[in-house]
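Numbers restart at 1 for each chain; the letters A, B, ... are given by sequence-line order, proteins then strands.
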Amino acid sequence: MALPVLALANVRVGYGGADVLDVPSLEIAEGEVLAVIGPNGSGKSTLLRVAGLLERPTTGRVSFGGCLVDATHALAERRRMAMVFQQPLLADMTVAENVGLGLAFRGVGADPSEARVSRWLERLNIAPLRDRRARTLSGGEAQRVALARALVVEPDLLLLDEPFAGLDAPSREALLPDLAAILRGDRLTTILVSHDRAEAQALADRVAVLIRGRISQLDETARVFYAPVSEEVARFVGVETIVTGRVLARDGGVTVVEVAGRKLEIAARGRPGDLVRLGIRPEDVTLTLPTEHAPLSSARNHLTGTIRHLVPSAPATRVVVDVGFPLVATVTARSAADLGLAEGLPITAVFKASAAHLIGPAGSAGGSPAGLLDTMTAPEL
Amino acid sequence: MDLFPVWLSLRVALTATALTLLIGIPVALLLARRRFPGRNVLEAAVVLPLVLPPTVLGYYLLLVIGNRGPVGRALAALGVELAFTWGAAVLAACVGSIALVIKSAQAGFESVDRQLEQAARTLGRSEWSVFWSVTLPLAWRSVLAGGVLAFCRALGEFGITLMVAGNIPGRTQTLPLAIYDRVQAAQMDEANALALIAVAAVVVLLFGLSRLARLRY
């Protein structure tokens, strides 16, 4: 296997006692997009500053292109990287001059620089803005300039620190696919730090979930979202229903798990007698009125209960159904209206056997975690 | 009227301000940017000259640079005598005023958004160039304000100067010492004139620069 572009080994960062970051090992392969997600204050930005050679870890080693580097003397290495922050941090000059800054500091001549600046202004769809003063730009435009300024140096490693967090929703939704196309088209090695799991899902090949300075899970994007290794990770990646059950039986490809007196059929494998934790994403649960009879199928769970909470929000309404345990579903505002959803209404919640995932073992049954976790089959991705 | 004390004080204060800026800016940057063992001790040591009695400071300085002190002997070996020269007055002014430069510049450096420095680094600027193109331009008002305060403090330095440079008319008698001398000799007209010059110099400098550069002290 080729050398990783960047490798961290036994990296720890502590500010006066407590470690804010503790990463035994992290490698970024050439051409991959790695998203580091986690709650606020989990050490994501610290990790990115260490990777970007802006901060020297308290202990540990950072290698770039196979060579050990010390952040205090890393100008040459840093010039092979580029970084974009949450704020665009543009200089008070024109758009084209801003985009050319990194090239000027690297000693690129005026003519080649001019050509590269023009090309990247085109690629980020900001060519008409080239002579505007940076301070007159909207937030979305300014962030496109900041991205162009980073990409124009054609870095070996691109570091993105919450680049969308400061943008309004329309700007973010316009920029996200443009950036995704550039990252994939150019196979740019990228580390993206974000607290927004949708950005990670849209851009990343692999996702690292950072919780309290430690990487709780590092895996392909689909696996992190559909096979979280712990409850904390599950909650962070958007699994809202997490319940404990006991495996009753295994029948063909289906495992029957009893949760609060209800029998659920799940696609994952489990040993009868084991206590397991189950996670169900709200978008995998659909709601129907109990009167209309959905076609019964062995691959679906139908649980009738009553609506306990109804939280309308855009774009989906969040519904908590009491089916013996609280089961969370999201439905569009239109379906909520069509079904006449209201608190106290009896309702049937439906989810596929493949939508319920095991989140590591729970309780005392001592099932092998590897065996349990290995059963994931990523549905409808 | 003998204006020697005025010129001497200006010369001493200007030299001392240049030296305190030269030494104070790196120390301020260190305190604002780095966490290191002994940082608290250094911070306390910086403020010490502001709170210790000037005569005590002067006394200890004299022990160090006097002809039996360690620095005094080393300098004597090089043929240089520092105690009771105008150089000693510069040293006294530096010691009395450097805290003002360091504290003011430190506050200025701390108020610079670290992200701007990091953005400059990620664009490929060297540390040296980040300091000159980002940090200092954003903090220069505070640094300059510290320099102005230090200059005024140096101009008025009395106690330390008296201990280490003496009060030798025509050699080390600075403006504040001269005023004291004239009052002791009941030459009130000269004392008044010198005092007015001192007040005018400080007022013009403080208000003039604060108008010009919009400084905040």
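Contacts between A:M81 and chain B at a heavy-atom distance below 4.5 Å involve the backbone alone (N, CA, C, O). Neither the backbone nor the side chain of B:R35 comes within contact range of chain A, judged by heavy atoms closer than 4.5 Å. Only the side chain of A:R49 comes within less than 4.5 Å of a heavy atom in chain B; its backbone stays farther off.
A salt bridge between A:R144 and A:D178 is present, with a side-chain N of the basic residue lying under 4.0 Å from a carboxylate O of the acidic one.
For the residue pair A:E199/A:S194, the side-chain donor-acceptor check at 3.5 Å is satisfied.
Heavy-atom contacts from other residues, nucleotides or ligands closer than 6.0 Å to OH of B:Y180 number 12 or fewer.
Put simply, the residue from B:R125, B:R33, B:E127 that forms a side-chain contact (heavy atoms from CB on, under 4.5 Å) with B:E117 is B:R33.
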